[in-house]
Amino acid sequence: MERFDPGGPGLVERSVLLARADVAFLRYVLEAHEGLVFMHGDGSGVVRLLATESQAGELDALVADLEAEGLITLIR
């Protein structure tokens with residue numbers, strides 16, 4: 001079976017690590033930023049955040065805020 005890959009041209013990706021218990025809260029935070037990001041996790045604690053290239057700055061600012069709060073760790 002081929003791995004699901006939601007990425008593609010025109011998208012930026014940020015991979016983050018977080019505790020499984022925090023996934024629902026992260027989803028809640030991301031939903032509050034309507035249309036900013038698509039979230040994909042595989043159950044390993046690594047979550048891929050995808051946004052359009054035009055929203056990369058806003059995504060990076062949100063990731064920085066969540067990392068400063070200790071909710072996530074940016075992987076790449």
- Item | side-chain contact (heavy atoms from CB on, under 4.5 Å) assessment of Leu18 paired with Leu26 | CA-CA 9 Å; Leu18 69 154; Leu26 177 61; 4.0 Å; yes

Scan the side chains in residues 63-75 for donor-acceptor partners under 3.5 Å anywhere in the protein, sequence neighbours excluded, and list what turns up.
from  : atom 1 : to    : atom 2 : distance (Å)
Glu67 : OE2    : Leu74 : N      : 3.1

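- The closest side-chain heavy-atom distance from Leu30 to Leu36 is not below 4.5 Å.
- Asp22 meets the salt bridge (Lys or Arg N to Asp or Glu O under 4.0 Å) test with no other residue; sequence neighbours excluded.
- The CD atom of Glu13 sits 5.0 Å away from the CG atom of Leu50 when rounded to the nearest 0.5 Å.
- Side-chain contact between Thr52 and Leu11 is present, with heavy atoms from C-beta onward closer than 4.5 Å.
- Nearest approach of Arg20 to Gly43, heavy atoms of both residues: NE-O, 3.9 Å.
- In terms of heavy atoms, Leu59 sits closest to Ala51 at CD2-CB, 3.9 Å.
- Looking at heavy atoms from C-beta onward, Val47 lies out of side-chain contact with His40 at the 4.5 angstrom threshold.
- Considering NE2 of His33 and CD of Gln55, their distance stands at 11.0 Å, rounded to 0.5 Å.
- Distance check: Arg48 CZ to Met39 CE gives 12.5 Å after rounding to the nearest 0.5 Å.
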